[in-house]
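See structure below.
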Amino acid sequence: MVNDSKLGLGGHSFIQELGNDPQASFDEQCNIVSACLDNGIRFIDTTYYQERVALGAVLQELGRRSEAVIMAWNFFNQPAAETKLVDYTPYEPHHINVMLEELQTNYIDILVIHVHKNTEELHKELDLAKKWKQEGKVKKVALGMVKLAHLCQLPADHQVSYVLAPYNAFNQGSKEMFLKAKEMGMTAIALSPFIRGWKLDEIGGNKGSVAEILLRWVAGQRLIDRVIVSMRIEEWVHTNLTAIDRGPLTQQEESKLREWIRD
């Protein structure tokens, strides 16, 4: 049996936006997901509705839904904005069935609630998620883009099992939140290990080597359980797995990373 990888596949792998590379064809998307599942990358994150639709079609084509752990956020298709990446929308009762239809499945493994400042509204969303769990439509609940304050405001009977937030060598602001989450028994999932593709261009040099160092830095942090990475080419799945297998950074690589951060 293949070992469970610390890597997760980012939903941005399925869309043109938020990347420097061309959108993967449907066949390439199938190859990417197959390579992930074959190599223990089971967690697949979908932020925007376009990503859910794409992943649902891929898993249906492959017949491998049961092997994937689908994470789904509350970013929905909006009237007159079907082709745009819109902002998040607080969950409402009808949303779960919309998401299930988009994903072509009858349950979501991890429902992600994007946090916001309205604590009362957030608690309503947590109650909705609890109801959907009882109905078998959701397996686990997560909070996305979490700050430390959000964890402190959770009700005593909350059912949050995962927290997701950007975390990389250039942006370590979520460290205290992740430490608190671990104390509370939650799983810590890091987003944006490279920040965005433009950061690799800004650093310069060999982009592959730069990306490897940034990825290994995040994956090597003990407080991080999973790292979500977008991969628009099948080859990158194997490249990133090989990088993770190399383990922690050497002293020379750590020194190089500190130089990038100072610059």
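Note that CG of Leu111 and CD of Gln159 are 11.5 Å apart. Values are rounded to the nearest 0.5 Å. The distance from the CG atom of Leu126 to the NZ atom of Lys133 is 11.0 Å, given to the nearest 0.5 Å. In this structure, CG on Leu191 lies 7.0 Å from CE on Met145, to the nearest 0.5 angstrom. From Leu122, atom CG reaches atom OH of Tyr91 across 11.5 Å, with rounding to the nearest 0.5 Å. Atom OG1 in Thr46 sits 10.5 Å away from atom CG in Leu9 (nearest 0.5 Å). Expressed to the nearest 0.5 Å, how far CG of Leu100 lies from CD1 of Ile108 amounts to 5.0 Å.
Side-chain N or O atoms of Asn168 include none that pairs as donor or acceptor with a backbone N or O of Pro193 at under 3.5 Å.
With Tyr107 as the aromatic partner, Arg65 meets the cation-pi criteria of under 6.0 angstrom to the ring centre and within 45 degrees of the ring axis.
Classified by interplanar angle (parallel below 30°, tilted 30° to 60°, perpendicular above 60°), the ring pair His95/Phe76 is parallel.
None of Asn31, Ile41, Leu241 except one satisfies the side chain to side chain contact (heavy atoms under 4.5 Å, CB included) rule with Cys36; the exception is Ile41.
When all heavy atoms are compared, the tightest approach of Ala68 to Leu59 is CB-CD1, 4.1 Å. Across all their heavy atoms, Lys84 and Gln50 have their closest contact at O-NE2, 2.9 Å. Taking every heavy atom of both residues into account, Ala211 and Phe194 meet most closely at O-CE2, 3.1 Å. Minimum heavy-atom separation, Phe43 to Tyr162: CE2-CE2, 4.0 Å. The two residues Leu148 and Lys180 have their closest heavy-atom pair at CD1-CB, 3.5 Å. Between Lys175 and Leu223, the shortest heavy-atom distance links the atoms O-CD1, 3.7 Å.
A salt bridge links Arg216 with Glu253: the distance from a Lys NZ or Arg NE/NH1/NH2 to an Asp or Glu carboxylate oxygen falls below 4.0 Å. A salt bridge does not link Asp45 with Arg52: none of the charged nitrogens is closer than 4.0 Å to a carboxylate oxygen.
Atom CD of Gln252 is surrounded by 12 or fewer heavy atoms from other residues, nucleotides or ligands within 6.0 Å. For Lys182, the NZ atom counts as densely surrounded, since its 6.0 Å shell holds more than 12 non-hydrogen atoms of other residues, nucleotides or ligands. Counting non-hydrogen atoms of neighbouring residues, nucleotides and ligands closer than 6.0 angstrom, the CD atom of Glu67 exceeds 12 such neighbours.
Checked against the 6.0 Å centroid criterion, the rings of Tyr49 and Phe75 do not qualify as a close aromatic pair.
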